[in-house]
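Indexing begins at 1, ligand by ligand and atom by atom, following the structure's order.
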Amino acid sequence: MTRIASVSSRLLASAALTVLSAAGALAEDAETHYRLFIGDHAEGVVRAIDAESGEALAAFDIDMTPALTASASGRFVFAVQGDAAKVAVIDTGIALEDHGDHADITLADPALLEITLTGTKPAHVVEGSGRIALFDDGTGDVTVFSELGLLQGRHAPETLSPGAAHHGLAAPMGDYMVVSVPHDDPEQPRVGLKVIDKAGAQIGEVMPCPAVHGQAQSARVFAFGCKDGVVFASPGQAGAAPDLIHVPTAELGEGNVSTLKGGTALQVFLGNYGPDAVVLIEPGSDAPFRKIDLPTRRVDFALDPVIARNVYILTEDGQLHLLDILSGEIKQSVTVTDPYSMDGHWRDPRPRLAVAGDHIAITDPLQGMVRMISTETLTEVRQIPVEGVPYTIIAVGGSGATH
Ligand code: ZN
Ligand code: ZN
C-alpha cells in the first residue's frame with residue numbers, strides 16, 4: 001500500500017505542477033506543436049512530419065535504416081546507423097525555452113546538421129546530467145558531448161576508453177558515468193556495470209549485471225536490465241559517485257528485462273519481460289516489480305509524458321492496450337492495425353509507437369501510414385500517409401508561449 005500511496009502523492013504533486021504551468025502558458029498566447037520523425041524500413045531516409053496537419057516538412061537522406069533517439073529536450077534526433085559507422089544529427093526545429101513560470105516555443109525548419117558523429121559501430125545513445133554519451137560497440141569507446149555544443153556549433157566531443165569492444169552502454173550521471181563491463185572472453189555475455197569518473201578511472205567494484213542490456217532514466221535514477229534482475233543507479237550525496245544496487249527479478253519467473261523506458265512525471269520504469277509481458281518497476285519500493293501479462297506477444301510500448309499514469313502497449317494481434325500505472329491493470333484494449341506477427345526476424349517491419357501530446361502516433365509499415373490515436377479515448381482520429389515504409393518513430397514538441 002505504501003507503494004501505491006507514494007506513487008499517488010507524486011502523481012498529485014505532478015498534476016498540480018502541470019496545471020500551474022498550463023495556466024501560466026494560457027495567460028499568454030499558448031501554442032502547441034508536435035513533429036514526428038520517422039525512419040524508413042527499406043531505405044536510409046528520415047522523414048519529418050507535422051503531427052497536426054500531416055504535412056511533410058522534410059526528408060533527410062542518410063546511409064541506412066536508422067535507430068532513432070531524441071535528446072531530452074527534443075531539440076535533436078540522433079539517427080544511429082551502426083553498420084554504416086555513423087550517427088546523423090537532425091535539428092528538429094522545435095525549441096522549448098524555460099521562462100520560469102512558462103515555456104516559450106519557437107519553430108524553425110527541421111535540418112540535418114553538417115556534423116556527423118562517427119565510430120566503428122555506434123549503438124546506444126544515452127543522455128544524463130546535460131551530457132550525451134554514444135557507445136561504440138566496435139571499440140568499446142564512449143564519445144561524450146553536450147547538446148549546447150551542438151546548438152552553438154561548438155561540438156567538442158571527448159572520448160573515454162573504459163574497456164574492450166562489446167555491445168555496451170554508458171549513462172552519464174553528474175561528474176560520473178555508469179558503463180557496461182564486458183567479459184574477458186568476447187564470446188561470453190557482458191558481466192556487469194562499473195562507475196568511472198571524468199577521466200575514465202574506475203570507482204569501486206564492478207556491480208554484477210549479467211548480459212546487461214537496456215537502460216532508462218526517471219527522476220535522476222537510472223535503471224539497467226540484467227539477465228537476473230535490474231540495477232538501479234542513484235546519484236551520490238554531495239557530488240559523490242552514484243550508488244548502484246542490484247534487485248533480482250527471479251520471483252517474476254521465466255524472462256528478463258532488456259528494454260526499459262522511464263517515466264517523466266512519476267518515478268517509474270517500464271520494462272519488457274519475456275515475449276508476452278511487461279513489468280512496472282519502482283526503484284526504492286519494498287515490492288519494486290509488478291508483472292503484467294499480455295494476451296499476445298508484445299510489439300512496442302511507450303509511457304505517456306502528459307497523462308503520467310498511462311502506458312500504451314501494442315501487441316502482435318494489432319491491439320493497443322492502455323495500462324494504468326497506479327492499478328497495474330489493463331484498462332482498455334482496441335484494435336488499431338492488422339496483425340503483425342512476432343514470428344520472423346526481429347527487424348521485420350512492424351509498428352512502433354510514440355506519444356505526441358494527446359495522440360499516440362503508430363507507424364503502420366505495411367499500410368504506409370502513421371495512425372494518430374487519441375490518448376483520451378484510444379480511438380483513431382486521423383491517418384497520415386507516409387512515403388516508403390514508415391518504421392521507427394520519435395515525437396517531439398510541446399506547448400509554449402510565442403511572445
Ligand atoms: Zn516567455
Ligand atoms: Zn542494444
Next item on the list: Quick one: the NE2 of His213, the Zn ion (ligand 2), NE2 of His167 angle, rounded to 10°, please.
Entry: 100°

Next item on the list: Could you label the plane-to-plane angle of the Phe224 and Phe222 rings as parallel, tilted or perpendicular, counting under 30° as parallel and over 60° as perpendicular?
Entry: parallel

Margin query: Can you tell whether the side chains of Glu282 and Arg290 come within less than 4.0 Å, N to carboxylate O?
Written below: yes

Notebook entry, point to check: Relative to Phe301, does Lys261 satisfy both conditions: NZ or CZ under 6.0 angstrom from the six-membered ring centre, and within 45 degrees of the ring's axis?
Noted result: yes

Margin query: Working to 10°, measure the angle at the Zn ion (ligand 1) formed by atom ND1 of His99 and atom NE2 of His102.
Written below: 110°

Note to self: Nearest 0.5 angstrom please: Ile313 CD1 to Leu353 CG, how far?
What the structure shows: 9.5 Å

Notebook entry, point to check: Considering only N, O or S atoms, which atom of Asp104 is nearest to the Zn ion (ligand 1)?
Noted result: OD1

